[in-house]
Number of protein chains: 2
Amino acid sequence: MELGDSAAVPATTTAATGPASSTRERILDIALDLFVRKGYAETSLREIAAELGFSKAALYYHFESKQHILLALHLRLHGLTEGVLPLLEDGASAGDTWERLVDRLIDIALQNRRLIELHVRNREAFAALNRDAAIEKHGVLQHKNDDVEGLFRALLSDPSVPTEWRVRMLASLGAVGGVLLAADALAGVPDAELASALRAVVHDVLGNRPA
Amino acid sequence: MELGDSAAVPATTTAATGPASSTRERILDIALDLFVRKGYAETSLREIAAELGFSKAALYYHFESKQHILLALHLRLHGLTEGVLPLLEDGASAGDTWERLVDRLIDIALQNRRLIELHVRNREAFAALNRDAAIEKHGVLQHKNDDVEGLFRALLSDPSVPTEWRVRMLASLGAVGGVLLAADALAGVPDAELASALRAVVHDVLGNRPA
DNA sequence: GTCTATATTTCGATAGAC
DNA sequence: GTCTATCGAAATATAGAC
């Protein structure tokens with residue numbers, strides 16, 4: 001199985017909550033669920049296979065390795081965040097661009113909670129993906145517009161931006177992430193209410209940009 | 001390496017202190033570093049032992065199991081957060097109590113970054129600790145004042161508190177956590193500057209409590 | 001307290017039948 | 001596409017010498 005063609009298509013067409021059309025997507029849905037609940041390293045292929053109803057070996061018909069399953073899930077998020085790349089590249093730390101960026105991220109995050117949780121809770125596993133030459137070499141990653149996290153990091157590390165403003169940019173992201181991660185404490189609250197409350201918080205955090 | 005543990009004696013100079021606890025604390029320091037950098041599940045006892053300079057089997061003289069090492073690190077955080085328990089028990093969602101609580105947490109978090117990171121990045125490993133009967137039975141946990149996280153959860157889940165205020169409480173915690181987790185983007189910024197910037201953000205988030 | 005083994009388990013991954 | 005069976009590696013944990 002070649003990653004180059006087969007993995008790119010579902011990444012752009014499938015939402016995290018989408019129905020499990022193909023076996024491949026069913027595997028990803030189950031894996032996403034288990035990776036979030038138990039962590040990537042603590043989840044064995046045997047468990048994934050058991051939940052799917054077939055044997056562990058069958059997974060290898062659809063995915064080259066366990067890491068390639070994780071990679072496919074990363075590509076799902078990649079597809080979701082593609083839309084904010086223009087904002088990032090234009091220097092989102094200027095003016096009110098950052099607030100508009102976070103506004104869009106709030107919607108994306110609320111509609112794809114589990115995918116966000118996956119990335120927040122398994123940082124190291126994704127970092128290992130990037131480190132692993134055997135994964136990179138297949139050429140699915142490493143496109144110029146793939147490194148959304150790198151663009152964020154560059155913006156937040158820019159020393160020409162005042163420290164207090166960088167803290168506020170980071171804090172706005174953390175506020176969204178924190179509410180998302182502890183979303184079970186807010187169970188029953190409609191997404192729309194959560195979104196507007198979050199937007200109000202973000203606006204207060206970013207309201208007064210220092211000179 | 002940077003240590004900020006209040007309860008335990010730092011392991012760097014261990015001439016006068018008890019020799020038995022010295023190695024034990026050194027193990028914990030190394031384990032904390034590796035668990036944060038690589039994750040709990042991805043860190044083997046062999047790696048910990050190698051960094052300490054002795055063999056893997058020697059660890060079992062000091063700790064009953066790998067999970068007991070993690071438990072000891074949890075108890076370090078437990079000691080740090082004991083001071084805020086009165087605020088939590090008195091109902092921190094009222095008035096400006098929450099802001100005072102977060103103010104204190106900011107200092108604790110900044111002085112013990114790695115310990116905070118450990119808990120944020122290895123949530124599932126700690127959850128497994130609580131699930132595992134073999135660990136609980138030893139009676140180290142399960143005291144009534146041990147469940148700081150439970151008290152937080154209870155406060156944030158309280159339906160009698162307006163949703164917008166609960167979001168703001170959560171967001172203030174997320175802001176602190178977010179800045180801490182991405183602290184490498186703010187490398188070089190003194191802790192004092194970080195703390196005051198964070199306090200300003202938290203104040204803006206919590207400034208106007210809804211009726 | 002630390003060592004050298006080794007027991008035991010689990011995992012990711014492969015081979016080959018169907 | 002899925003199966004059974006198994007390999008090899010690595011992990012936790014134990015046993016016993018020093």
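Not measured: the values here are computed from a predicted model. Numbered from 1 within each chain, the chains take letters A, B, ... in sequence-line order.
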Subject >> Close side-chain approach of B:Arg100 and B:Arg104, heavy atoms under 4.5 Å >> reply: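 With C-beta onward as the side chain, the pair stays apart.
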Original post:
Side-chain contact, heavy-atom cut-off 4.5 Å: B:Glu117 with B:Val120?
Top reply: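 The answer is no, as the side chains (C-beta and beyond) never meet within the 4.5 Å cut-off.
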Output the rounded distance in Å from [atom1] ([X]) to [atom2] ([N]).
X	N	atom1	atom2	answer
A:Leu59	C:dA15	CG	C1'	17 Å
A:Arg46	C:dA13	CZ	P	16 Å
A:Glu47	C:dT9	CD	P	18 Å
B:Lys66	C:dT9	NZ	P	19 Å
A:Glu64	C:dA13	CD	C1'	11 Å

Subject >> First and last nucleotide of DNA chain D, 5' to 3', lying under 4.0 Å from heavy atoms of chain A >> reply: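 Contact boundaries, 5' end first: D:dG1 to D:dT4.
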Original post:
Is the cationic atom of B:Lys66 (NZ for Lys, CZ for Arg) positioned less than 6.0 Å from the six-membered ring centroid of B:Tyr40 and within 45 degrees of its normal?
Top reply: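 The answer is yes, since B:Lys66 meets both limits relative to B:Tyr40.
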For [X], answer base if it contacts any base atom (sugar-phosphate contacts may also be present), sugar-phosphate if it contacts only those atoms, and nothing otherwise; contact means non-hydrogen atoms under 4.0 Å.
X	value
B:Tyr60	base
B:Ser44	sugar-phosphate
B:Tyr61	base

**OP:** Drop me the distance from B:Arg114's CZ to B:Asp33's CG, to the nearest 0.5 angstrom.
**Re:**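 Reported value, rounded in 0.5 Å steps: 4.5 Å.
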Original post:
Mind checking what makes salt bridge (charged side-chain N to carboxylate O under 4.0 Å, His left out) contact with A:Glu47, not counting sequence neighbours?
Top reply: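 Checked A:Glu47 against salt bridge (charged side-chain N to carboxylate O under 4.0 Å, His left out); matches are A:Lys38.
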Subject >> Out of C:dA13, C:dT14, C:dA5, whichever nucleotide has its closest atom nearest the side chain of B:Ala57 >> reply: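 Nearest to the side-chain atoms of B:Ala57, counting from C-beta on, is C:dA5.
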**OP:** Assess the side chains of B:Ser93 and B:Trp98: does a donor N or O sit below 3.5 Å from an acceptor N or O?
**Re:**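 Judged by distance alone, the side chains do not pair up.
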